Amino acid sequence: MLARQSPHAKSRDTIAATLLAWYDRHRRKLPWRALPGSMPDPYAVWLSEVMLQQTTVPAVKPYYEQFLALWPRVHDLAAAPVDDVMKAWAGLGYYSRARNLHACAKAVVEQHAGLFPADESALRALPGIGPYTAAAIAAIAFGRRAVVVDGNVERVVARLFAIDTPMPAAKTAIRARTDDITPDERAGDFAQAMMDLGATLCTPKNPACALCPLTASCLARQSGEQERYPVKAAKVARPHRTGAIFYLRRADGHVLVRRRPPKGLLGGMLEFPGSEWRSDFSQSDASAHAPVKGKWQRIAGTVEHVFTHFSLALTVYRGVLPTGAATPETGQWIEEHMLDSAGLPSVMQKVLVHARGK
DNA sequence: TAATCGTGGAT
DNA sequence: TATCCAAGATT
């Protein structure tokens, strides 16, 4: 570690010591955090870290509690049917995380005797654990020295050192500077301190520099340009797509749903049958995508939903299956009153509400 | 490397 | 209302 013997060593120690002292006073109390001085359960750390990927703390909390209640140990989660895990994850988004979570639990049980490995490289080899999560678990759950870089750390470090390179090209330099300031002891607390700092003071907009323990060391602050960092490339416009979707009710009160393919958008989740979602979809072709021939009632208005890389407007059609009509090959029938607890993704929950009307 | 992959709260 | 963006991983 030549870099860690550099003349910046004093600055490194000062920043780490100052930040850890601040953390000891101002750390957030979160359900997955152990009491100060005690080591947390690696299973709990892993579960929380996966849930927190691109997801806010308030959104994660109820899911975290529910998962721990349903599956208190990694063995319990590994033994659960994957569809039960998908159902419990419904509404949290990025559903490949749920599938990988289950695969990871099984791998830990089958390949690691039910104990999470402490090595960053071994963690990195598990499903759903990338560079950030591997480093976070190694540091937080096992006390290893690891360089933990998430979005908060990127922002804090880009400001501390006034890194002008636009993202994502700046990631290399940010990682190197984070390595420089990461201490040998309490690396887990240091990582959480950086994230707490980014979440509560060094925020994207209107950072509270007056309260920041690192303000004296911050190059961005010294130039008064703290909000300019991290520099980001111009973003592309979000395309708009449309489609048709069908709420088919059977005479006995069951509704037709189907499960999406395991990979891709909403992978493995339940949906109502419908057309593909395209920029050039024509509503006049809607009936061609209906699950059965027959009379469809177009419900006024549309269901609007925004995904990360496109926005969507769905026109909803309602129909009743004629007596004696052929049942569609694909899909399954669910009792109408069970739909609310079936674990629908949010966009399908919106369709359900829209189809039911007022 | 650059897309892809959800959702809801904040501004 | 539009945009941002939150403890990223995968391909």
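Naming: A, B, ... by sequence-line order, numbering from 1 per chain. Since the structure is predicted, the reported quantities are computational estimates derived from the model, not experimental observations.
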Between A/L126 and A/R28, which residue's closest nucleotide on DNA chain C lies nearer the 5′ terminus?
A/R28
For residues 188-212 of chain A, which residue pairs qualify under salt bridge (charged side-chain N to carboxylate O under 4.0 Å, His left out), counting only residues two or more places apart or in two chains?
A/R28-A/D196, A/R33-A/D196, A/R186-A/D189
Spacing of the C1' atoms in C/dA7 and B/dA3 (rounded, Å):
22 Å
For residues 100-112 of chain A, pull every pair meeting side chain to side chain donor-acceptor pair (under 3.5 Å), keeping only residues two or more places apart or in separate chains.
none
Between A/W277 and A/L314, does a side-chain contact (heavy atoms from CB on, under 4.5 Å) hold up when you go through it step by step?
CA-CA 8 Å; A/W277 305 337; A/L314 289 175; 3.4 Å; yes
Within residues 340-350 of chain A, those residues having any heavy atom closer than 4.0 Å to DNA chain B are A/P345, A/S346, A/V347
Mind running a 4.0 Å heavy-atom check of residues 75-85 of chain A against DNA chain B and sending the residues that fall below it, in number order?
none
Contacts of A/T55 meeting side-chain contact (heavy atoms from CB on, under 4.5 Å) (sequence neighbours excluded), chain-then-number -> A/A59, A/V60, A/L92, A/R97
Return a table of donor-acceptor pairs under 3.5 angstrom between the side chains of residues 296-309 of chain A and protein atoms on other chains or two or more places apart.
unit_1, atom_1, unit_2, atom_2, d
A/W296, NE1, A/V292, O, 3.3
A/T302, OG1, A/E304, OE2, 2.6
A/H305, ND1, A/K350, NZ, 2.9
A/T308, OG1, A/Y94, OH, 3.4

Sugar-phosphate, base or nothing in reach of A/P58, heavy atoms under 4.0 Å:
nothing
Tell me: CG of A/L197 to C1' of C/dA7, nearest whole Å?
14 Å
Within the supplied structure, the quantity of interest is the number of heavy atoms (other residues, nucleotides, ligands) at a distance under 6.0 Å from A/H254 NE2; does it exceed 12?
yes
Any donor-acceptor N/O pair, A/R318 side chain to A/A355 backbone, under 3.5 Å
yes
Between the protein and nucleotides 4-6 of chain C, which nitrogen or oxygen pairs are less than 3.5 angstrom apart?
unit_1, atom_1, unit_2, atom_2, d
C/dC4, OP1, A/K235, NZ, 3.3

Give A/L30 one of three labels, base, sugar-phosphate or nothing, depending on what nucleic acid heavy atoms sit under 4.0 Å from its own.
base
Hits for ring-ring contact (aromatic ring centres under 6.0 Å, His included) against A/F67, two or more places apart or cross-chain, chain-then-number order -> A/W71, A/W89
Base, sugar-phosphate, or nothing: which does A/L92 touch, judged by heavy atoms less than 4.0 Å apart?
base
So A/W32, base contact, sugar-phosphate only, or nothing? Heavy-atom distance under 4.0 Å.
base
The criterion is ring-ring contact (aromatic ring centres under 6.0 Å, His included); which residues satisfy it with A/F116, sequence neighbours excluded?
A/W46
Atom-pair distance (CG on A/L101; P on C/dA7), nearest Å:
20 Å
In whole angstrom, give me the gap between the P atoms of B/dG6 and C/dT11.
14 Å
Start with the C-alpha distance between A/R241 and A/F281, add both sets of side-chain angles, then the distance that settles side-chain contact (heavy atoms from CB on, under 4.5 Å), and finish with yes or no.
CA-CA 8 Å; A/R241 300 180 188 175; A/F281 180 79; over 6 Å; no
DNA chain B: 5'-most and 3'-most nucleotides touching chain A, 4.0 angstrom heavy-atom criterion
B/dT4 to B/dG8
Output the rounded distance in Å from CD (A/E154) to P (C/dA7).
10 Å
Acceptor/donor pairs from residues 154-161 of chain A side chains to any protein atom, 3.5 angstrom cut, sequence neighbours excluded:
unit_1, atom_1, unit_2, atom_2, d
A/E154, OE2, A/K171, NZ, 2.6
A/R155, NE, A/C202, O, 2.7
A/R155, NH2, A/N152, OD1, 2.9
A/R155, NH2, A/G198, O, 2.8
A/R155, NH2, A/C202, O, 3.4
A/R159, NE, A/Q226, O, 2.8
A/R159, NE, A/Y229, O, 3.1
A/R159, NH1, A/C202, O, 3.4
A/R159, NH1, A/T203, O, 2.8
A/R159, NH2, A/T203, O, 3.1
A/R159, NH2, A/P204, O, 3.1
A/R159, NH2, A/Y229, O, 3.3

Determine, stepwise, if the pair A/D83 / A/R259 fulfils side-chain contact (heavy atoms from CB on, under 4.5 Å).
CA-CA 10 Å; A/D83 285 350; A/R259 193 169 293 279; 3.8 Å; yes
Distance test, side-chain N/O of A/R124 to OP1/OP2 of C/dG8, below 4.0 Å:
no
For A/N100 and C/dT11, what is the distance between atoms CG and C1' respectively, to the nearest whole Å?
12 Å
Do the charged groups of A/R177 and A/D180 touch, with an N to O distance under 4.0 Å?
yes
Partners passing salt bridge (Lys or Arg N to Asp or Glu O under 4.0 Å) against A/E336 (at least two apart in sequence or in another chain):
A/R249
Select base, sugar-phosphate, or nothing to describe what A/G198 touches, counting heavy atoms under 4.0 Å on all strands.
nothing
Going through the distances and angles, do A/D41 and A/R73 end up as a salt bridge (charged side-chain N to carboxylate O under 4.0 Å, His left out)?
CA-CA 10 Å; A/D41 174 12; A/R73 304 161 302 160; over 6 Å; no
By nearest-heavy-atom nucleotide on DNA chain B, the more 5' of A/A59 and A/N206 is A/A59
Counting the atoms with a prime plus P, OP1 and OP2 as sugar-phosphate, which does A/T133 contact under 4.0 Å by heavy atoms, base, sugar-phosphate, or nothing?
sugar-phosphate
